[in-house]
Amino acid sequence: MIDATGMPQSAVLLGGTSEIGLEVLGALASRRLERVVLAGRDPAALGPAGERLERAGVREIHLVSCDVGRSDDLERLLGEAETALGSVDLLVVATGLLGTAELDRLTPAVVQEMFAANASGPAAATAGFAQRMASQGYGRIVVLSSVAGLRVRRANFVYGAGKAALDGFALGLADALAGTGVGVTIVRPGFVRTRMTAGMKPAPLSSEPADVARAVLGALEADRGVVYVPPALGPAFLLLRLLPRSVFRRLPG
Amino acid sequence: MSASGRRLLAGWGGRPASSAEVVCPATTGEAAAVVARAADEQGPVLARGLGRSYGDAASSAGGTVLDLTGLDQVLGFDESSGLLRAEAGISVEGLLRFSVPRGFFVPVTPGTRQVTLGGAIAADVHGKNHHLDGSLGAWVRSIRLATPAGERLLAPAGEGAGFWATVGGMGLTGVVLDATLELVPIETSYMLVDTERGADLDECMSLMSERDEEYRYSVAWIDCLKGGSGLGRGVLTRANHAGLADLRAAAPRRAGAPLSFSPRQVARVPVTPPFRLPSALAVTAFNEVWFRKAPRRRTGELQSLGAYFHPLDGVGSWNRLYGPAGFTQYQFVVPFGAEAVVREVVEALGARGVPSLLAVLKRFGAADPAPLSFPAPGWTLALDLPLSVPGLGELLDGFDELVASHGGRVYFAKDGRLRPELVSEMYPRLEDWRRACDDLDPARVFQSDLSRRLHLRKA
């Protein structure tokens with residue numbers, strides 16, 4: 001169940017090896033989190049992720065190999081999560097693939113894979129869990145979006161377009177879920193220093209996975225629907241979205 | 001029976017919320033029929049009254065919730081014994097409207113009249129008279145309970161395990177259909193109230209300890225934002241029922257209708273504002289005014305029942321003032337001798353600047369035999385706290401540890417966030433309760449969001 005301060009007891013992490021996702025679950029383990037399903041594409045990498053949560057104090061950890069791009073995998077995940085956890089209090093959607101934005105590498109297969117990881121896969125999974133949560137009468141979905149989706153930039157436009165789709169989907173889903181007891185929290189970080197961004201020059205207002213985890217906990221406590229990490233990115237992107245395209249595309253980074 | 005379908009339900013604090021199938025039985029027979037079918041239904045079953053428990057005690061996500069507020073009839077009353085039998089959905093206000101003009105008072109009333117008889121039994125509510133009269137369970141003579149296996153008539157006499165598991169059992173043993181309650185005789189509908197100010201927490205506690213037995217009703221309001229030497233300053237209001245002679249002496253004009261009772265709601269908060277109103281600044285100002293307006297000492301003031309017992313009922317839906325993030329009430333009891341815990345909690349709240357508008361301190365008397373009943377001899381402090389305060393959960397977790405390590409406990413009817421591991425420490429007779437509960441409902445059909453969150457029905 002989810003308590004009055006927004007803290008869940010069971011969770012599914014989609015993108016089971018995501019550094020941000022694991023950081024969020026680790027922080028929740030210090031509060032009320034008891035049972036977790038980690039779902040990811042690479043079974044070998046899920047093991048260490050599970051051990052990390054065990055050390056953080058999670059009592060029960062189930063590993064489910066799942067490719068979000070495949071709907072039969074998603075159906076199986078929905079079933080296994082229900083068997084393992086009973087009811088799913090929290091879904092954390094943390095799949096993501098930065099991929100490439102270089103024109104000559106953007107084959108149809110690459111674009112398809114990136115949209116599957118950033119948009120269509122997580123959206124499909126989220127819809128499946130949302131249905132079940134609505135029928136169980138409560139639940140919380142945390143979608144890790146990105147400011148990259150707020151105004152898509154040339155430097156990472158395929159990734160950004162995927163996040164834009166997921167962000168819009170999550171906003172609409174939140175409205176569709178009104179009155180069901182299921183809430184959606186959309187998290188929009190800027191540059192987060194993780195494996196995905198290793199070797200890249202940090203953009204202004206960058207953050208660590210722990211900052212994102214803190215922000216997510218704060219959003220759950222306050223029952224907020226949208227949260228920026230750091231918060232200053234909210235007003236910053238309000239302005240950036242108003243810039244004429246001719247100016248926006250000349251911005252560095 | 002009118003079925004209103006799927007509805008989002010929350011407690012008085014607004015969070016957590018969950019949706020369930022709500023059915024509204026029009027007769028106790030219909031309610032019993034829903035329970036009889038419950039074993040075949042998908043999902044848990046739970047009775048709900050007026051929704052004044054603060055957290056998730058009266059919600060059951062994805063299950064069937066019986067809204068019993070339609071079952072509000074008085075079924076019988078014997079003036080010679082004071083025994084009243086009423087349906088579970090009648091409110092304390094409904095009971096008072098029936099009984100006060102007849103010269104009887106409800107033996108235990110919580111801070112609001114807007115609770116149902118069934119809910120009051122399930123929470124084994126206490127009032128300002130606990131130090132002398134105990135909690136409601138001590139006044140209940142029988143309970144008619146609907147279980148999946150049929151109806152049971154429960155009484156405290158004999159073994160009484162089912163009765164005492166139902167008293168304080170948070171609705172998890174079955175659905176209370178009706179109950180018989182012993183009322184107490186009164187001569188007037190007025191109270192004689194003595195008011196005193198305590199300059200700090202120590203003085204409040206020693207004033208209460210010294211002369212509490214002279215008053216049937218006793219309570220103190222504590223200022224949790226005042227630091228320094230005034231830490232825990234408060235206003236004590238203690239009272240006895242006014243006799244006819246008292247009323248004639250104090251207000252001869254009212255003595256013509258000594259048992260009139262017509263409580264009114266003077267205002268109502270119409271909508272939830274998009275933000276919360278009680279800011280630390282506002283609460284500080286409110287506390288200052290409240291403390292200053294109280295006389296240093298005043299005795300024998302005549303007050304109506306409503307003004308003394310249920311001042312907040314004058315404003316409808318006041319819980320909306322806390323905004324969309326809602327609020328919680330943290331209420332704990334610690335044994336006599338553990339006064340330092342109360343002090344530490346008040347200090348911590350003041351140091352953090354957490355605005356608690358209504359902090360209520362009271363001394364409890366003897367406990368009743370119910371394993372999950374909250375009151376136990378000692379000090380209880382109840383604090384309304386906005387959930388929008390960052391880090392509130394961790395702060396309260398710290399309080400829980402402190403309370404539990406001193407042999408205290410928190411109150412399920414107020415709770416929305418206790419750590420499940422602490423339940424068996426706070427309620428050492430949990431296993432006795434589980435056995436009695438399983439005897440009445442072996443399939444564990446009755447579940448609430450509270451019972452699932454705290455794993456009450458299974459280890």
Side-chain angles (χ1 to χ4, degrees), chain A residues 1-11 27-35 57-60 82 85-90 129-140 174 176-185 213-227 231, chain B residues 6-22 42-44 54-57 59-65 276 323-330 385-397 414-421 447-455:
Chain A
M1 303 306 295
I2 296 176
D3 77 3
T5 65
M7 295 299 120
Q9 293 173 308
S10 69
L28 291 172
S30 70
R31 309 285 303 123
R32 296 290 185 268
L33 192 62
E34 301 166 348
R35 294 162 290 135
V58 177
R59 278 214 297 272
E60 233 181 79
E82 194 165 275
L85 301 178
S87 50
V88 178
D89 297 354
L90 172 73
F129 278 102
Q131 276 179 353
R132 288 182 184 229
M133 285 176 174
S135 117
Q136 81 187 8
Y138 76 100
R140 169 67 57 171
L177 286 168
T180 61
V182 185
V184 179
T185 296
R214 254 193 306 279
V216 170
L217 255 69
L220 296 182
E221 280 181 342
D223 194 12
R224 267 198 294 274
V226 177
V227 58
Chain B
R6 189 96 169 181
R7 266 175 54 199
L8 190 64
L9 300 173
W12 188 241
R15 285 174 71 196
S18 69
S19 68
E21 205 63 39
V22 178
Q42 291 279 311
Y54 281 68
D56 45 9
S59 311
S60 196
T64 304
V65 172
R276 89 184 148 82
F327 72 114
T328 189
Q329 187 172 93
Y330 189 70
L385 303 167
L387 285 167
S388 54
V389 172
L392 184 71
E394 277 159 306
L395 184 70
L396 296 184
D397 279 2
K414 309 290 178 71
D415 181 58
R417 35 68 43 204
L418 178 65
R419 191 183 281 280
E421 290 84 348
Q447 292 276 1
S448 61
D449 290 354
L450 174 99
S451 74
R452 291 168 70 189
R453 176 170 58 81
L454 296 178
H455 315 313

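- For a residue to count as touching a neighbouring chain, one of its non-hydrogen atoms must lie under 4.5 Å from one of that chain's; by this rule B:A20 does not touch chain A.
- Contact check for A:R32 versus B:R419: side-chain heavy atoms found under the 4.5 Å cut-off.
- Taking 4.5 Å as the limit, some side-chain heavy atom of B:R15 sits within range of a side-chain heavy atom of A:D223.
- Residues B:D397 and A:R31 have side chains in contact (heavy-atom distance under 4.5 Å, counting atoms from C-beta outward).
- Among residues two or more places apart in sequence or in another chain, the side chain to side chain donor-acceptor pair (under 3.5 Å) test is passed with A:E34 by B:H455.
- Within a 6.0 Å sphere centred on CD of B:E421, heavy atoms belonging to other residues, nucleotides or ligands number more than 12.
- In this structure, OG in B:S19 is found 9.5 Å from CD in A:Q136, a value given to the nearest 0.5 Å.
- The structure places CG of B:L9 at 15.0 Å from OH of A:Y138, a figure rounded to the nearest 0.5 Å.
- Within the 4.5 angstrom heavy-atom criterion, no atom of A:R224 approaches chain B.
- Ion pair B:R453/A:D89 not flagged as a salt bridge, since none of the NZ, NE, NH1 or NH2 atoms sits closer than 4.0 Å to an Asp/Glu carboxylate oxygen.
- The structure places CG of A:D3 at 9.5 Å from CG of B:L418, a figure rounded to the nearest 0.5 Å.
- Separation of atoms CD (A:Q9) and CZ (B:R452) is listed at 10.0 Å; rounding is to 0.5 Å.
- Considering only heavy-atom pairs separated by less than 4.5 Å from chain B, the leading option among A:G218, A:S135, A:A222 is A:S135.
- The contact between A:S87 and chain B is made entirely by side chain atoms (from C-beta outward), counting heavy-atom distances below 4.5 Å.
- To the nearest 0.5 angstrom, A:M1 atom CE is 10.5 Å from B:L454 atom CG.
- Note that the CG atom of B:L387 and the CD atom of A:E221 stand 9.0 Å from one another [nearest 0.5 Å].
- Evaluation of the salt bridge (charged side-chain N to carboxylate O under 4.0 Å, His left out) rule for A:R35 yields no partner, not counting sequence neighbours.
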